Amino acid sequence: MAQAGVVQDRPRKEVHHPHRRKAGIIRTWNKNKALWLLFLPCLLYYLIFRYAPMFGLVITFKDYNLFKGIWASDWVGLKYYRMFIENPDFWPLMKNTFLLGVYKLVFGFPAPILLAILLNEVRKAAFKRFVQTVSYLPHFISNVIVASMVIMFLPPTGGLINNLLASIGIGPINFMNEPGLFRGIYVLSEIWQHIGWETIIYLAALTAIDPQLYEAADMDGASRMRKIWHVTLPGISPAIVITLILNVGKVLEIGFEKVFLMQNPAIYDTADIISTYVYRVGMVQGNFSYGASIDLFMGVISLIFIYTANFISRRVSETSLW
């Protein structure tokens with residue numbers, strides 16, 4: 001109990017002075033100056049090429065006239081958004097884009113995980129390096145060349161695939177003119193092109209797994225499959241969840257170049273997607289406001305997808321983007 005006449009010490013409130021805060025920022029900058037300088041090119045890239053052009057989205061609410069300019073063009077509100085939603089092509093385009101993205105996610109997302117696990121189980125370093133190099137190389141081939149390779153391999157006469165089918169008694173198939181085959185051809189080409197590069201993420205995550213966990217599993221008599229299931233997969237699960245969330249957000253962001261180069265009028269029923277439609281109405285027909293409105297509309301849907309996937313992940317696990 002405090003003695004009479006003695007004033008007890010009270011905890012002092014910490015006062016944050018502006019000059020101290022400024023000094024702390026300067027000390028942090030001086031301490032991490034090299035890291036900030038390394039980050040600067042990436043920051044400038046996004047500011048100049050990603051954020052600065054966003055002011056042009058105002059044309060989605062205007063009847064943009066190339067000669068009047070953005071600000072002098074007439075306001076039309078949500079005219080072009082209503083035009084797209086009421087367009088008879090809206091649902092077929094959404095269906096084609098969504099299905100192509102879902103197929104790519106369902107079949108393409110697990111492929112690099114499987115390859116990374118298989119490479120992790122390989123004990124011969126030379127063979128492992130060879131497989132990694134061979135699987136990485138297609139990533140550096142342009143989409144134009146990949147699409148040309150696909151078209152060259154799949155013609156009904158003289159194509160590599162049809163020659164192989166003919167050798168086992170199967171008649172020629174006109175792959176590039178069959179609407180039902182387009183999605184499978186596209187997804188397979190995407191997996192072949194990017195599986196090696198995407199494996200790098202999971203190989204890096206595998207290096208963070210404590211080797212003692214495998215040793216403990218060996219002592220318990222666990223088989224190789226048991227070790228993969230109980231040690232390897234839980235060890236890389238954070239990387240799997242993060243990449244899954246990002247991929248869910250990109251379901252509707254199907255690359256324009258490869259689809260445009262591989263499609264033809266005979267397979268428009270399955271090959272015509274949002275990005276190719278935007279090219280036709282926005283660039284070919286010169287309706288820039290309409291094309292920009294469609295792109296912004298799809299961007300908002302992609303944001304909803306990624307936010308929903310992140311929300312679900314945060315509820316069912318401890319891993320999320322934010």
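Any value given below was found using the heavy atoms of this structure, including those in side chains, with hydrogens, waters and symmetry copies removed. Everything numeric here is computed off the predicted structure, so don't read it as measured data. Numbers for residues simply follow the sequence, beginning at 1.
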Please tabulate, for the side chains in residues 225-232, all donor-acceptor contacts under 3.5 angstrom to protein atoms that are two or more places apart in sequence or on a different chain.
unit_1	atom_1	unit_2	atom_2	d
Arg226	NH1	His230	NE2	3.3
Lys227	NZ	Asp218	OD1	2.8
Thr232	OG1	Tyr214	OH	2.7

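- At least one donor-acceptor pair closer than 3.5 Å links the side chain of Thr270 to the backbone N or O of Pro179.
- Between Phe256 and Phe260, the ring planes lie parallel to each other; the angle is under 30°, not in the 30° to 60° tilted range.
- When hydrophobic residues (I, L, V, M, F, W, Y) are linked wherever their side-chain heavy atoms come within less than 4.5 Å, Leu37 remains an isolated member.
- Figure legend: Lys104 and Tyr186 shown without cation-pi pairing, the cationic atom not lying both under 6.0 angstrom from the six-membered ring centre and within 45 degrees of its axis.
- The distance between the ring centers of Tyr46 and Tyr51 does not fall below 6.0 angstrom.
- Closest approach of Ala271 and Val259 over heavy atoms only: O-CG1, 3.4 Å.
- Within a 6.0 Å radius of CH2 in Trp91, other residues, nucleotides and ligands contribute 12 heavy atoms or fewer.
- By the 30° and 60° cut-offs, the orientation of the rings of His139 relative to Trp197 is parallel.
- A continuous path of ILVMFWY side-chain contacts below 4.5 Å connects Ile145 to Val150, so both sit in one hydrophobic cluster.
- Taking the six-membered ring for Trp, Phe297 and Tyr81 have ring centres at least 6.0 Å apart.
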Per-pair distances, 0.1 Å, donor-acceptor, side chain in residues 156-173, under 3.5 Å, sequence neighbours excluded:
unit_1	atom_1	unit_2	atom_2	d
Asn162	OD1	Ile173	N	2.7
Asn162	ND2	Pro155	O	2.7
Asn162	ND2	Ile173	O	3.0
Asn163	ND2	Gly159	O	3.2
Ser167	OG	Leu164	O	2.4

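- Leu137 and Phe127 are members of different hydrophobic clusters when ILVMFWY side chains are connected at heavy-atom separations under 4.5 Å.
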